[in-house]
Amino acid sequence: MTISQEIANLTEDSGQDLPEENVQIGSIQGTVVGLRYYTGTVNRGEMVSLVREPQNPYDRNAVMVANVYGRQVGHIKKELAAPMAYIMDNNLARVEGVVPYGETNKFSMPVNLTFWSKEENRDAVHNQMRRHGFKLGTEFKGSLICLFALKNAFDKLFDDLMEDKTREMEPAEAVCTALLPHQKQALSWMTSRENSNDLPPFWEEKSGLYFNVLTNFAVKERPEKVLGGILADDMGLGKTLTTIALIVSNFHNGKPLPLEQNILSVPANILVLSFPGVVFLDDVDFAAALECSSSQVGPAKKSAKKGSGHFIKKKNSNTHCSRSYFISIQDQFEQHIRADVTLKVYLYYGAERKRSVKLLSEQDVVLTTYNVLSSDFGNKANSPLHKVNWLRVVLDEGHVVRNPNALQSKAVLELQSERRWILSGTPIQNSLKDLYMLMSFLKLKPFDVKEWWSRIIQRPVTMGDRVGLKNLQVLVKGITLRRTKNSKVAGRMLVQLPERRVFVQHVTLSEEEREEYEQVRKEGRKIIGRYFEEGTIMTNYADVLAILVRLRQYCCHPGLVAKYTGADDPGTPNELREHLINKITLVLNSGSDEECAICLDSLRQPVITYCAHVYCRPCICEVIRSEKQARCPLCRAQIKTRELVEYPGEEMQAGAATGENWRSSSKVDALMSNLLKLRQEDPTVKSLVVSQFTRFMDLIEVPLREYGFSFTRLDGTMAQKTRAKAIQDFQDSSPGNPTIMLLSLKAGGVGINLTAASHVFMMDPAWNPAAEDQCVDRCHRLGQSRDVVITKFIVKDSVEENMVKIQKKKQELVEKAFGVKKPMDLKQARMEEIRALMEI
DNA sequence: ACCGCCGGGTGCC
DNA sequence: ACCGCCGGGTGCC
């Protein structure tokens with residue numbers, strides 16, 4: 001995701017009041033009057049909210065002032081309220097207040113008002129104020145950080161929130177599955193979140209008062225505890241098991257579920273909300289998540305259920321997916337809880353569900369879906385789930401409720417519960433707004449109210465305010481536990497995966513290949529050397545890339561190399577267009593995973609400029625819009641929006657010679673001898689053969705067929721269905737199924753599971769080492785039972801060796817983190833890379 | 001509110 | 001005095 005998209009997502013909102021997309025257009029000091037008539041108080045520096053009160057019988061312009069807890073403090077003095085009412089009613093601006101001093105005054109107090117709006121409303125707001133004799137000031141402060149650092153920090157927000165959360169807790173005896181260390185840690189943390197008496201984040205006790213350090217709000221009464229939080233572990237770390245362990249280990253009054261049969265005098269029930277839309281059986285990741293890392297899913301569902309027995313037996317065609325989900329959750333309870341323990345589990349689902357508050361209250365665990373909940377909630381009077389005071393509500397796959405305006409979100413927010421949990425593998429999918437919904441659910445005051453969330457967290461963060469970011473970090477840290485498969489516990493991996501060994505196999509070109517290669521290299525060096533001399537390396541970047549691609553292709557197979565279409569001089573506009581399309585196609589198909597020099601992320605909607613540089617369309621359009629005389633960020637040539645040429649899409653390329661005149665290459669030979677040897681040693685071993693060049697994959701198919709290998713293929717051009725079929729075939733270990741998959745480096749999302757493979761052959765080095773790692777992760781992941789062997793073919797004395805050196809350098813750079821790159825630095829880095837590659 | 005403002009009482013020095 | 005001034009009553013919107 002690009003930064004611009006990230007920011008767009010951060011600021012996007014569905015509602016009318018969009019403080020995040022607004023800028024501060026002015027400020028003024030006003031007066032709050034009528035303090036003595038209201039109970040609401042404020043502290044020095046406390047934020048207040050301003051609420052229009054059009055029905056006020058004394059003044060239809062009335063603007064009420066309320067503190068963070070929503071208690072009325074007073075009114076804005078009427079002279080000022082008059083223009084403010086107009087501005088607020090017409091949505092010309094949002095007005096926010098902070099009381100700078102005078103907080104103990106009896107009758108009135110000052111309030112600093114800031115006006116936030118879209119730039120286009122600036123004049124209207126200023127004029128309206130001026131008409132009433134007020135002049136808005138326009139001096140603002142703020143310590144901002146740059147977008148790169150913001151994005152970086154944002155990306156890291158949920159990284160490894162496990163420090164200080166390494167204390168382990170043994171589950172109750174009722175749990176019969178052994179918990180892994182990281183699951184015991186989660187259990188300990190969750191239990192302490194439920195039982196602790198700590199103040200919620202940002203609250204401090206000061207001389208008998210409770211003080212919110214962000215809003216400066218203080219109360220005598222201890223703020224309500226926030227019991228629960230967000231368990232945001234990666235898929236597959238056993239969130240479900242941990243939650244079941246929590247349910248029985250911290251059952252009631254901080255005591256575990258007793259072993260002996262008993263009737264609980266106090267209903268200690270739990271509502272687990274599930275995500276019904278998941279196509280459970282088809283979603284491998286989800287299945288893996290449910291599997292829990294320590295044990296397998298029982299193959300058959302036991303039909304005799306303990307407890308209430310109110311299970312829906314009727315098959316409902318439309319509910320298959322939810323049912324399989326429930327069955328698996330139910331299985332989990334059965335599987336992880338000792339058979340001699342009685343736990344009443346009720347499935348509140350289906351048309352025949354019993355809408356009895358009494359029945360529900362008597363259960364230990366009630367399972368339902370977001371749909372059922374919101375459909376009950378829609379018929380206001382008849383929502384039994386909303387009439388129960390739950391001990392605990394758990395939102396499974398909690399990130400699915402993130403639009404606070406959706407009915408199901410409202411239904412979730414209205415649930416009464418003592419403790420609240422959100423389970424999610426992706427806590428912030430795209431934006432901070434998602435997090436607002438979660439805060440709302442957790443009742444983490446004052447962030448459960450949109451205004452305070454926006455003012456204190458969302459807007460400051462999106463505007464790059466350091467303090468806002470810090471607050472967000474503290475907030476998330478306080479209530480979230482997240483580990484990834486790569487997290488370490490006391491220096492050991494969280495999840496012990498089989499080993500992963502990397503071998504580099506050096507390939508020596510045949511004399512003939514070497515000769516061809518050297519000739520191309522000499523030519524290339526000459527051209528690039530000239531560009532360096534002329535200082536035009538960047539204006540001819542696409543040509544340079546073309547030369548490099550040709551060299552890399554020679555390393556793989558001479559048949560890959562397309563006819564040279566390099567630096568010919570284009571004449572007519574049509575020829576120029578065609579020329580540019582050739583270039584962008586080349587850049588994108590080069591497998592170099594080109595970054596957009598503006599957002600520094602992978603190219604989205606790639607376009608090429610007349611000066612032959614490729615950017616994301618949104619990024620470069622933004623640049624053109626924001627500058628009068630727009631220039632290319634890489635070469636400073638003048639650019640125009642209408643001169644951007646789009647990438648025409650995957651084009652059928654001239655097929656490589658796969659027919660009669662097929663010939664092998666040193667690299668292909670090396671691969672084949674490996675594959676044959678493997679097959680001889682163990683015919684069940686499966687391999688991934690990875691390349692960045694789909695045409696190389698075409699070429700490799702020939703000897704695979706020749707030697708009678710059964711193989712399948714996965715590349716970016718394949719339709720979703722074909723891909724799924726390819727994966728399924730490959731993963732199936734029955735005889736006759738493919739043992740080799742030809743895989744294009746960037747094919748598919750991260751979710752693809754290819755654990756059937758235990759060998760990976762990287763046919764050509766990638767620019768981006770992370771891409772290689774991700775590719776390997778598709779088989780080296782949960783479910784892999786064998787050690788994974790990775791073989792990287794590198795042609796000796798070639799551009800490939802130089803690429804590996806650059807890879808290493810890049811890796812070091814990444815590890816230093818926060819390597820804030822600017823387009824110009826990037827350019828410099830690119831030039832150095834080219835020098836290194838061509839040995840100039 | 002130890003203010004401002006209102007409106008009634010009042011009226012040389 | 002159709003004023004000024006005094007001092008009591010009063011007080012958000």
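No experiment lies behind these values; they were computed from the predicted model shown. In the text below, chain A, chain B and the rest are named by the order of the sequence lines, each starting its count at 1.
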Inset, instruction - Classify the nucleic acid contact of Lys77(A) as base, sugar-phosphate or nothing, counting any heavy atom under 4.0 Å across all strands shown. - result: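 It contacts sugar-phosphate atoms only.
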
Inset, instruction - Under 4.0 Å between any heavy atoms, over every strand shown, what does Leu35(A) touch: base, sugar-phosphate, or nothing? Just pick one. - result: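 Counting heavy atoms under 4.0 Å across all strands, no contact is made by Leu35(A).
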
Legend entry - Closest listed nucleotide, where the reference is the side chain of Ala62(A) and the choices are dG11(C), dC13(C), dA1(B):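 The nucleotide sitting nearest to the side chain is dC13(C).
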
Inset, instruction - Identify the nucleotide, in any strand shown, that forms a Watson-Crick or G-U wobble pair with dC2(B), with both distances under 3.5 Å; if there is none, say none. - result: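 Its partner is none (no Watson-Crick or G-U wobble pair with both distances under 3.5 Å).
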
Inset, instruction - Find the partner of dC13(C): check Watson-Crick (N1-N3 plus N6-O4 or O6-N4) and G-U wobble (N1-O2, O6-N3) distances, both under 3.5 Å, and reply none if neither fits. - result: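 Matched dC13(C) with nothing under the 3.5 Å cut-off.
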
Round to a whole Å and report the spacing from [atom1] of [X] to [atom2] of [N].
X	N	atom1	atom2	answer
Tyr37(A)	dC13(C)	OH	P	9 Å
Glu79(A)	dG4(B)	CD	P	15 Å
Asn61(A)	dC13(C)	CG	P	11 Å
Lys106(A)	dC12(C)	NZ	P	15 Å
Met109(A)	dG11(C)	CE	C1'	17 Å
Asn105(A)	dC12(C)	CG	C1'	15 Å

Pairwise [atom1] distance for [N] and [M], with rounding to whole Å:
N	M	atom1	result
dC6(C)	dG11(C)	P	25 Å
dC5(C)	dT10(C)	P	25 Å
dG8(C)	dC13(C)	C1'	25 Å

Legend entry - Tyr58(A)-dC12(C) aromatic stacking (under 5.5 Å, under 30°):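 Whether judged by distance or by angle, Tyr58(A) falls short somewhere, so it does not stack on the base of dC12(C).
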
Legend entry - dG11(C) base stacked by Phe107(A) (centroids within less than 5.5 Å, tilt under 30°):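 No.
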
Inset, instruction - Kindly indicate, with the supporting measurements, whether the criterion side chain to side chain contact (heavy atoms under 4.5 Å, CB included) is fulfilled by Met84(A) and Phe115(A). - result: CA-CA 10 Å; Met84(A) 272 176 67; Phe115(A) 290 67; 4.2 Å; yes

Inset, instruction - Examine the side chains of Asn61(A) and Lys78(A) and answer whether a donor and an acceptor come within less than 3.5 Å of each other. - result: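 No, Lys78(A) and Asn61(A) have no side-chain donor paired with an acceptor closer than 3.5 Å.
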
Inset, instruction - May I ask you to decide if the ring planes of Phe377(A) and His386(A) are parallel, tilted or perpendicular, using 30° and 60° as cut-offs? - result: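 Tilted: the ring planes of Phe377(A) and His386(A) meet at 30° to 60°.
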
Legend entry - Contact under 4.0 Å: Arg36(A) side-chain N or O vs dG11(C) OP1/OP2: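 For Arg36(A), the contact criterion (side-chain N or O under 4.0 Å from OP1 or OP2 of dG11(C)) is not met.
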
Legend entry - Student check: side-chain heavy atoms of His75(A) and Tyr37(A) closer than 4.5 Å: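 In short, these two side chains do not touch, never coming nearer than 4.5 Å.
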
Legend entry - Min side-chain heavy-atom separation Leu199(A)-Pro223(A) under 4.5 Å: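 The answer is yes, as the side chains (C-beta and beyond) meet within the 4.5 Å cut-off.
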
Legend entry - Donor-acceptor pair under 3.5 Å, Asn56(A) side chain vs dC13(C) base: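 Yes, a donor-acceptor pair under 3.5 Å.
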
Legend entry - Polar pair under 3.5 Å, donor/acceptor by atom type, side chain Tyr38(A), base dC12(C):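 Indeed, a donor on one side and an acceptor on the other fall under 3.5 Å apart.
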
